[in-house]
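Inspection log for the structure reproduced underneath, given as C-alpha cells.
When reading the values below, keep in mind they use all heavy atoms of this one structure, side chains included, and skip hydrogens, waters and symmetry mates. Remember, predicted model here, so these are calculated numbers, not experimental data.
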Amino acid sequence: MQPATEPASLTMKRMVDGYRISQAIRVAVELGLADHLRDGPRDADALAAATETHPPALYRLLRALASVGVFREEGDRRFALTPLGDCLRADAPEPVGPWATFVAGPYLWRVWEELLHSVRTGESAVPRVHGMSAWEYRVRHPEEGAIFDAAMTGNSRRLAAALLAGYDFGRFGRVVDVGGGQGLFLAAILARYSTAQGVLFDQPHVVAGAGPILRAAGVADRCRVVGGSFFEGVPGGGDVYVLKFVLHDWADEEATAILCACRRAIEPGGTLLVVERVVGPPNDDADAKFSDLLMLVGPGGRERTRAEWAALFAAAGFLLAGVTPTASEVSVIEGAPA
C-alpha cells in the first residue's frame, strides 16, 4: 500500500526493486549469518572472517539487510539478530531460510524470467528454461531436489503449530499423508496424538529421506513409509487422507486425477483434508495471488478460490464439507465422499 506522503512513482519503484531484498536474504542464508549471530552481536569484520567473505562487501550486505529489519546495526559495525533475522537460523522453530534458498536460487530465478511466456501461453515456463518438467528436473538434478525437499520440510515445520492449533487432527486413528514429502507434518501430527498411526506416501526418492525426521520425532514405529505415484493409486485403510501443498502444483485435470485416486482408497465414512491457500476477494490477499503466479510459471498449477475448490472436489466425487482458516496463510479444506 502506498504511504500517504509518498509519490506513486516512488512506491512503484520500491515494488520493482523488491528482487534485491530476496537475493540479499538468500546470500545471508547461504553464508549462515543468522547462525553466526545466534549467541549475540558481532562486528562485520569478525563475521567476514567466519564466513570467508570480503569485509567491506559483507558490511554493505549487512547494513542493507539491517535497513529492512533483518538485522540490527548497533554502531561500530556491529550487528545483531532481529525477530525477522531469527527466522533464518538453521535451527529456527519456524524456518524461512530453506524457502529463501529455493525461491531465490538460480533454478527458479531463471524460470521467473519467463513469466511473460507463461502469461501468453498459460504454460509452465520450466520446460522452456530447463528442457523438462519441474518434477523430472529435480530427479535428474538431485542437488536441486534436495533444496526443494528442504524448502518443503521447512514450510511444514513453519506451519505445523498453526495447523495443529487450528484443526483437530486427534479424531483420526490412521492418517495417510499423500504427497507428504519427508514426513515433517505427519510426524508433528503423530507426536501430538500418541495413539494415532500414520502412512507417509510420496515418490520413492522423496520418502527415502524420511527416516531421520520420523525418528527424531519419536514416531517412526507408528508410521509406515510407502513410495509410489499418487496418479496410480494411494494406500488404503486411512481414516483421513491429507494433501498439503500438493494440489496447487497441478492444473485441474491432474488435480482431479489425484483426488480420484484418494476417492478410490477412502472408506465411506472417511475424510479428505486439503491444506492449501484459499484465494481471497478482489484487491486483497496478495500472498495467495502471487503464489498463484509462482504455480503458473513453475509447476503449472494454480491457487484456487473456495468455489474452485468445491468444483474440483465435486469432479472427483467429494463434497466440500467446510473450510477452517488457521493462523497461517493456509486453511484446512475438508471433503467427504459424495
Counting only heavy atoms not in [X], do more than 12 fall under 6.0 Å of its [atom1]?
| X | atom1 | result |
| --- | --- | --- |
| Asn283 | CG | no |
| Arg157 | CZ | no |
| Asp284 | CG | yes |
| Met12 | CE | no |
| Arg171 | CZ | yes |

Treating [X] as the side-chain partner and [Y] as the backbone partner, does any N or O pair qualify as donor plus acceptor under 3.5 Å?
| X | Y | result |
| --- | --- | --- |
| Tyr19 | Val16 | no |
| Gln203 | Gly227 | no |
| Glu276 | Leu247 | yes |
| His130 | Val126 | no |
| Thr101 | Gly97 | yes |
| Tyr193 | Gly173 | no |
| Thr271 | Val240 | no |

Rounded to the nearest 0.5 Å, how far does [atom2] of [Y] lie from [atom1] of [X]?
| X | Y | atom1 | atom2 | value |
| --- | --- | --- | --- | --- |
| Glu334 | Leu272 | CD | CG | 8.5 Å |
| Asp45 | Asp43 | CG | CG | 5.5 Å |
| Leu81 | Leu33 | CG | CG | 9.5 Å |
| Arg60 | His54 | CZ | NE2 | 9.0 Å |
| Asp287 | Phe290 | CG | CZ | 9.5 Å |
| Phe71 | Leu65 | CZ | CG | 5.5 Å |

**Item:** Side-chain donor-acceptor pair present, Glu143, Tyr107, cut-off under 3.5 Å
**Value:**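 No pair is found: no donor N or O on one side chain lies under 3.5 Å from an acceptor on the other.
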**Request:** Compute whether any side-chain donor of one residue and acceptor of the other, for Ser291 and Arg277, lie under 3.5 angstrom apart.
**Result:**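 The criterion, which ignores hydrogens and geometry beyond distance, is satisfied for Arg277 and Ser291.
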Got a salt bridge between [X] and [Y], using NZ or NE/NH1/NH2 to carboxylate O under 4.0 Å?
| X | Y | result |
| --- | --- | --- |
| Asp17 | Arg14 | no |
| Arg302 | Glu254 | no |
| Asp252 | Arg304 | yes |
| Glu74 | Arg72 | yes |
| Arg38 | Asp35 | yes |
| Asp292 | Lys289 | no |
| Arg63 | Glu73 | no |
| Arg89 | Asp91 | yes |
| Glu114 | Arg120 | no |

